[in-house]
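So you know, we letter chains A, B, ... as the sequences are listed, proteins then strands, and number each from 1. Predicted model, so just to flag it, every value in this text is computed and none were measured.
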Amino acid sequence: MIDYNSIESKWQKVWDNEKVYEFDPDDREGILVTAALPYVNMPQHIGHLRTYSTADMNARFLRMRGYNVLYPMAFHKTGTPILAIAKRVRNNDKELFEELADYGIEESDIRKMADPMFIANFFTDIMEKGMRRAGYSIDWRRKFDTIQPRFSKLVEWQFLKLKEKGLIVQGEHPVGWCTNENNVVGQHDTRHDVQPRIEENIAIKFKDADSNAYFLCATYRPETIYAVTNLFINKDAEYVVAKIGEEEYYLAKDAALMLSNQKKLEVERSIAADELLKKKALDPITGNEIPVLPGFFVKSDFGTGVVMSVPSHAPFDYAAIERLKRDGYPVGEIRYRKVIDIEPSKDGKTLGRSFAEEEGSGTGDGHSGNGQKSIDDSIPALAYLSLIDGNIDAEDDVLDRATKAIYKEEAHWGIMAEGPYKGLREQEAREKIKKEMSAKGQAMSIYLLTNEEPVYCRCGTKVIVKVVSDQWFIDYGNEKWKAEVMKHLGSMKIYPQKLDETFRGVVDWIDLRAAERAQGLGTPFPFNPSHIIESLSDSTIYMTFYTFDHILAANNVQPESLKPSFFDYLFEYNKDISAVSKDTGISEEVIKKCKDSIDYWYTSTRRHSAPDLVPNHLTMYIFNHVALFPEKFWPKSIIVNGFVNSEGQKMSKSMGNIVPLISGAEKYGVDPLRFLEVTSADLDTDINFNISALEGVYERNEYLYKTAGEVNAMESGELTHIDYWLYSKLNRKIKDATAYMKNMNIRNAYTRMFYDSVSELQWYKRRGGKNGIVVKDFMEKIVKMLAPIMPHFAEELWHMMGNNTLIVREKWPEEDEGMISDKEEAIEEIIKGTIEDIKKSVELSSKMDLNAGKKVSKVKIIVAEQWKATAYALLSKTKDIGGTIGSSALSGIDKERLSKFVSQFAKNVRTLVETAEMDETALEKSLEEAKGFINGETMLSIEVEEEGKSKSARASRAMPYKPAIEIIWS
RNA sequence: GCAGGGAUGGCGGAGCUUGGUCAAACGCGCAAGGCUUAGGACCUUGUGCCUUAGGGCUACGGGAGUUCAAAUCUCCCUCCCUGCACCA
């Protein structure tokens, strides 16, 4: 069993001593390979290896191809997650303690995490160790993090420039908000990490019949306004009269409090629910007076606390009205009007089709055959209620199900049946009505959270929507900017290529993006220093920093010196180096060194990432480069790899299937892990980490290890067919794999370099191949090709085979085109095929009566005469029977035999695939050499002969690519 | 809703960009044989259906089409997955 751990640590030491991963400009072409920098609030697990391993493999491959390739790493500390962890530690969050303990972190260390800076440093340390353990070819001299002062200077410069270019704008924006902590609430700040989903909605104004005030009704479905019968309020809630703009509104006190975060709203006085119940409201469409009634389901802290009642289409409203009626409450005349029809499907299904399947036989009514009951749909709310066996006394959750069903189906298949938008699809009608009513001043827009369940801040307060004004945005909606990005996209290389279209889609849709935040670690926002720069926005051009920060550090340049003029010089806004030196106090020599370095490294860049960053970071990365830098620094290529699943499931803490990086490395070996995660699926496909796949890698590695150990003891001799065959396979492999690697077609590349190689070696040996020179050449070249992905293992094998150089500095092998032989490979295929044919023929013919009780004494393999191969090749190319028979190349052949041979292809001549002419003499020779092997495989005595010399009756059946077989029974 | 991606054998998953060499790589599972006291270890063979000589038939979500030829190209349908912003 190979001891990966000791091999790995052994070579890592050697590499470190040799400083093989320190890269500086030289006369080769420079390439900068970067992978998205990790966020340091959790240790890595083996899933995180994929992107970094892919980038490392790419960097190593390019180095072997002769480029000078820099692969640096930095750490992301800005934003809120680190603060959130610190807060959870201070709150003794049990879940968090357990999670961190799973990664093997001592409780004493967890306690210290009350301090955010401790967290950042602690995990930075762990991550760096992990990456070193993984054996990445990272130049660690260039490490930095995103809160260090010099870095902040770059970010400040970035925002000043964006502002100068008019790409930063100010405006208002809805956000999730905690009224207790007075903070913006994002996914990280909520209980169970729920994303607060905000949707713009509409609140319709219903004028009080006797005053100038309005009832304000929030609604998801303004299109049902044509069926309004009344308003509902909660008779037990507190209501207020509040001024929004110039007008007075009735709404629940709780609702008013919430809305005050969205609008200029002043509460004037409270008003009793009883008083409101005595009022009449005016339907804004008809002008009719409608009653205000108590609704059992109305919540004071949702929407406005006033509901417009549409009993015909809303189950809650229907139930409320019917309950009031039954209880003798004076509801007045309520007319149910159906204003939306469901368009039947092709097979005639109408109501209830959305849950026909999912409910299964749910109702058990015997009608479940096609899921349809014949149902009276004149009151849709009632119809849906009865579809799920509910009635007006149903529990709220039953009413809720009915509500969701009707909402969904009418949104899907609804057609307006009444009103000015009659005939229009419900969705379109809704949008038109929203617009129209807002324009006429009959409604105003409000924001609501659309989450199914209420969202709570970690502090326990219910999250609401706040509209923040004076919010700064980066204006990714800027048309000119977009156009430039779109144009540049066309000259970029995106792997996998099909993501190109995805990027275009994102560029097309991306719009304003908040650039600052009230809290978190990071760089103060230059135009509002009490806020910090939003943490995705501060990491769009950080890759440039790798090229010069180590120079600044080495020369002790202080952050204060990094004035805008310095960056202006680097990014070519000015060219007067002495003026810059004077302005900043940095010596010209240092400035020049920085400039030379960025010019060397940054003109050819390759960026690696996982797909979740496509719609945000990667797109913003392109945008910012295009806006800020000279064109030669614009992104050249982006490589996106899929995620890592574990035994078929997403790796996550809730699944409990996380394997921390360090312990994973110890348990499985870093090289096999790297290999599995990078090569076992196409680039864009999620890979599946599982032990059995890993075992496949171990097995083959053992085989290669064993072979490498034997190679120098093997004897060499004259080359035979099977040696040429192995050479052909090797050289074809190098050629194909190299092309695949260049296109980041990693899986195909390594299938050839690894899996195929092992089975070819095995076949070679099984066939009797034993030529030391051939095997050593084969082994050395495939080991070199394995070096980018399993560097430690490759290094070990390389030295086992007697080499003294470091494989990580070796060149990628070149194919010898002359050794690629279609002929040798075809002959080998024919030999394999012939063995199959013999076995099958013996099996079938043994059942023939005339062979009963007999045994096979001998098998003759009869190779076709050369003219057949000539004729077949010609025919497959020309598809011309007459022409082939008449061809001068075949002039010496007996016309009768020739035409008999050729004419058997007559009926399907057009379907023949063009095939090269087989060398029948070589085939016969190779079969002769393989006689012993075929005998061993079939356990039959074998003879090989040529058609012309054969007396067998079956000889004429010999085909150019398929020798005839005669089985002799006795 | 908007955008993008996908549907292949008992399973995972190639192949589809450049239609033919595809009953479909590779792996798992399963079966038989070898080895063996034994085996979850290893090796070989087999694994859609039919077949008394290397053959035939049916297949790649459903339907239609283009073509001598389609898993591969075109159109329609059904179903599934992912992302949608202040969050790294």
Side-chain angles (χ1 to χ4, degrees), chain A residues 36-39 41 76 78-82 84 173-176 184-189 193 195-199 346 357 411-412 427 430-431 468 471 473-474 476 497-499 501-506 508-518 520 534-537 539 611-617 643 648 680-682 684-688 690 692-693 695-696 699 747-748 751 755-756 759 766 826 829 833-852 879 907-915 937 954 957 959 961-967 969:
Chain A
L37 82 184
Y39 196 86
N41 69 332
H76 203 193
T78 50
T80 50
I82 289 179
H173 187 64
V175 293
V184 179
V185 178
Q187 187 169 357
H188 284 277
D189 312 308
D193 284 340
Q195 173 75 52
R197 306 191 73 99
I198 298 165
E199 193 177 88
K346 278 183 210 148
E357 305 92 34
H412 247 92
Q427 298 269 13
R430 180 185 301 168
E431 291 313 309
V468 294
Q471 167 79 41
F473 299 94
I474 300 180
Y476 292 115
Q497 207 190 336
K498 62 178 162 188
L499 270 184
E501 208 180 319
T502 309
F503 270 107
R504 286 172 191 285
V506 176
D508 200 27
W509 290 121
I510 196 169
D511 201 358
L512 293 180
R513 181 172 177 106
E516 41 132 358
R517 245 202 106 128
E534 187 272 322
S535 63
L536 274 188
S537 302
S539 53
D612 51 340
L613 299 186
V614 170
N616 43 67
H617 167 74
F643 295 113
S680 69
D682 285 330
D684 58 322
T685 313
D686 292 352
I687 71 113
N688 189 20
N690 64 74
S692 63
E695 277 164 357
E699 226 173 81
R747 178 200 165 89
N748 278 332
T751 299
Y755 294 102
D756 288 355
S759 43
R766 188 166 154 198
E829 287 308 308
T834 303
I835 294 169
E836 294 303 310
D837 288 348
I838 291 170
K839 285 184 185 169
K840 198 168 175 187
S841 300
V842 168
E843 188 196 326
L844 289 175
S845 59
S846 66
K847 296 179 193 162
M848 293 170 77
D849 291 342
L850 76 150
N851 293 330
K879 324 277 190 221
K907 68 173 190 290
N908 53 358
V909 66
R910 295 179 67 188
T911 71
L912 294 181
V913 176
E914 188 175 337
T915 315
E937 293 291 307
R954 296 182 63 87
R957 297 173 66 117
M959 289 295 180
Y961 276 84
K962 206 175 181 74
I965 298 165
E966 179 170 27
I967 299 160
W969 300 82

May I ask you to decide if A:Trp509's main-chain N or O and A:Tyr476's side chain share a donor-acceptor pair within less than 3.5 Å?
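Not confirmed, A:Tyr476 side chain does not pair with A:Trp509 backbone.
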
Can you find a side chain N or O atom of A:Lys498 that sits less than 4.0 Å from OP1 or OP2 on B:G6?
yes

Quick check on B:U52: is either OP1 or OP2 less than 4.0 Å from any side-chain nitrogen or oxygen of A:Ser845?
no

Under 4.0 Å, counting only non-hydrogen atoms across every strand here, what does [X] touch: a base, just sugar-phosphate, or nothing?
X	answer
A:His617	nothing
A:Glu843	nothing
A:Pro174	nothing
A:Leu512	base
A:Ala515	nothing

Could you let me know what B:A23 is paired to, Watson-Crick or G-U wobble, both distances under 3.5 Å, or none if it's on its own?
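Pair assignment: B:A23 / none.
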
Tell me which nucleotide, if any, is Watson-Crick or G-U wobble paired with B:G1 when both distances must be under 3.5 Å.
B:C84

Do the side chain of A:Arg747 and the base of B:A25 come within less than 3.5 angstrom through a donor-acceptor pair of N or O atoms?
yes

Starting at the 5' end of RNA chain B, which residue's closest nucleotide do you reach first, A:Thr80 or A:Arg957?
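Counting from the 5' end, the first nearest nucleotide belongs to A:Arg957.
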
